[in-house]
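Please read the structure below before turning to the comments.
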Amino acid sequence: MEERDLQKVIEAITPGDTTAADVCRKRWDSIAKPLHSLGWLEDAIARIAAAQHSPEIRTQKKILVPMCADNGIVAEGVTQTGQEVTAIVAENFLDEQSCAAIMCRLAGADIRPIDIGMVTDTPRVEKRKIAYGTKNFAKEPAMTREEAVRALMTGITLAGELKEQGYDLIATGEMGIGNTTTSSAVASALLEVPAVEMTGRGAGLSTEGLNKKIHVIQEALERYGLTGSPVDPLSVLSCVGGFDLAGIAGLFLGGAYHHIPVLIDGFISSVGALLAARLCPAAGDYMIATHVSKEPAARRILKELSLEPALDAGMCLGEGSGAVAAFPLIDMGAEIYHRMSTFEQIQVEAYQELV
């Protein structure tokens, strides 16, 4: 894949259909309930209408796609566990032995983990491997620019396949030891905010470990010239990103290209969404925020994307767990939207918008 292929996709992405969203909102206002009383549910259904370019929204067929990859930065001691955990959890997705997989069963959603860059080959996880993990960005760029483009195109291509298979909603997830470090680094560069404000404890670092993590990120950002001014998103990704982040960003771009709503999970997924939005602002119309992570940068990123999450439940697991938790809420909203009587049908005077 070449950069011009990515650019062709980006140039072909159009904004969401505002007419479809307006029709959807008018339907909500006609339903026999107080105006706007379902809050996020109404907003999410309207965003789905805009993304699908139709007020006749479809939400039945759902899937979680965890992008699985390893990150060379773990060599700097910024994590509590080793890279072997990535492959173990990736396999667990298929055996319903991970949190997100169990939640998918309960939510009626499929799950499709993707090996986009794990250091270990596993027999059952679908391989779309760019490389066997990224490089240690404390020593050298995490990946080449060509690898970054290939990883983005992998997500875009997968979104197209899911469209052909009839999926209505895609949830983004991830598995990769060290990916809160790469995500913090990418977010810091894209938002031009120091690493100390964007970096959290991940999966449970000590204060000493957190301070080391912040130092490693900030030093790398300065080395690669990613501080103090607007930066090229592809350069940020290739210098300090991860293959999982790139694949997630590709899913958001592919969802926009194919008119499929894509759900943002937590911190790592939101950084993938931010990266996609910086590459193509129109892609933001196809994103739905589901929850806000405990990681310190999470709220800031959602604010940058002008998105409101459904849940603030103190979650920071990742895997796609927050996005899957929102599937039942979307199902409830869709059922009310399609089935509930209008004021006219029950012969009750409709609520009026008051100022």
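No hydrogens, no waters, no symmetry mates; every other heavy atom, side chains included, goes into these values.
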Evaluate whether atom CD of E344 has more than 12 neighbouring non-hydrogen atoms of other residues, nucleotides or ligands under 6.0 angstrom away.
no
List the steps and the verdict of side chain to side chain contact (heavy atoms under 4.5 Å, CB included) for L253 and L6.
CA-CA 10 Å; L253 293 172; L6 174 63; 4.3 Å; yes
If we ignore hydrogens and angles and just use 3.5 Å, is the side chain of N71 paired with the main-chain N or O of I177 as donor and acceptor?
yes
Please answer whether the main-chain N or O of Q60 pairs with a side-chain N or O of D168 as donor and acceptor at a distance below 3.5 Å.
yes
Backbone of C239 reached by a side-chain donor or acceptor of K135 within 3.5 Å:
no
Among M175, E295, M67, E174, exactly one meets side chain to side chain contact (heavy atoms under 4.5 Å, CB included) together with I268. Which residue is that?
E174
Could you state the interatomic distance from NZ (K294) to CZ (R201), rounded to the nearest 0.5 Å?
10.5 Å
Walk me through whether E304 and R278 qualify under salt bridge (Lys or Arg N to Asp or Glu O under 4.0 Å).
CA-CA 11 Å; E304 179 72 15; R278 288 298 174 86; 3.0 Å; yes
Return the CG to CG distance between D115 and D121, rounded to the nearest 0.5 Å.
6.5 Å
Between H338 and I57 (side chain of the first, backbone of the second, donor and acceptor by atom type, cut-off under 3.5 Å), is there such a pair?
yes
Worked check of side chain to side chain contact (heavy atoms under 4.5 Å, CB included) between V196 and Q218:
CA-CA 8 Å; V196 68; Q218 191 62 40; over 6 Å; no
Would you check if the side chain of N211 reaches a backbone N or O of E208 as a donor-acceptor pair within less than 3.5 Å?
no
Using only atom types and a distance under 3.5 Å, with no angle test, would you say the side chain of D265 pairs donor to acceptor with the backbone of G320?
yes
Exceeds 12 heavy-atom contacts within 6.0 angstrom, atom CZ of F343:
yes
Looking only at atom types and distance, does a side-chain atom of E219 sit under 3.5 Å from a main-chain N or O of H215, one as donor and one as acceptor?
no
Salt bridge or not for R128 and E161, using N-O below 4.0 Å?
yes
If you look at every heavy atom in A273 and L305, which pair is closest and at what distance?
CB-CD1, 3.9 Å
Applying side chain to side chain donor-acceptor pair (under 3.5 Å), run through K213 and S184 and close with a yes or a no.
CA-CA 10 Å; K213 183 177 176 181; S184 297; 5.1 Å; no
Please round to the nearest 0.5 Å and tell me the distance separating atom CZ of R299 and atom CG of L302.
8.5 Å
Side-chain donor or acceptor of K61 paired with backbone N/O of Q165 under 3.5 Å:
yes
To the nearest 0.5 Å, tell me how far I248 CD1 sits from I264 CD1.
10.5 Å
Side chains of H36 and D29: closer than 4.5 Å at any heavy-atom pair?
yes
Given V78, T199, T181, the one that forms side chain to side chain contact (heavy atoms under 4.5 Å, CB included) with I214:
T199
Around atom NE2 of H259, are there more than 12 heavy atoms from other residues, nucleotides or ligands closer than 6.0 Å?
yes
Backbone N or O of G72 within a donor-acceptor pair of the T134 side chain at under 3.5 Å?
yes
Give the intermediate values and the outcome of salt bridge (Lys or Arg N to Asp or Glu O under 4.0 Å) for residues K33 and E42.
CA-CA 12 Å; K33 63 171 187 57; E42 297 184 33; 2.6 Å; yes
Just so I know, are the side chains of F243 and T154 near enough to count as touching, which here means a heavy-atom distance under 4.5 Å?
no
Quick one: do D22 and R25 satisfy salt bridge (Lys or Arg N to Asp or Glu O under 4.0 Å)? Show the steps, please.
CA-CA 5 Å; D22 287 343; R25 292 191 183 95; 3.6 Å; yes
Y286/Y257 aromatic ring centres below 6.0 Å
no
With rounding to the nearest 0.5 angstrom, report the NE2 to CD1 distance, H258 to I170.
9.0 Å
Measuring only between side-chain heavy atoms, which start at C-beta, is D331 closer than 4.5 Å to T59?
yes
To the nearest 0.5 Å, how far apart are CG in L275 and CG in L190?
6.0 Å
A138 backbone acceptor or donor facing N136 side chain under 3.5 Å
yes
Under the side chain to side chain contact (heavy atoms under 4.5 Å, CB included) criterion, do V65 and L162 qualify, and how do the steps go?
CA-CA 10 Å; V65 181; L162 296 173; 3.9 Å; yes
Taking atom NZ as the centre, does K163 end up with more than 12 heavy-atom neighbours from other residues, nucleotides or ligands that are less than 6.0 angstrom away?
yes
Basic-acidic side-chain contact under 4.0 Å: K212, E76
no
Determine whether F137 and T182 satisfy the following criterion, side chain to side chain contact (heavy atoms under 4.5 Å, CB included), listing intermediate values before the conclusion.
CA-CA 9 Å; F137 72 65; T182 56; 4.0 Å; yes
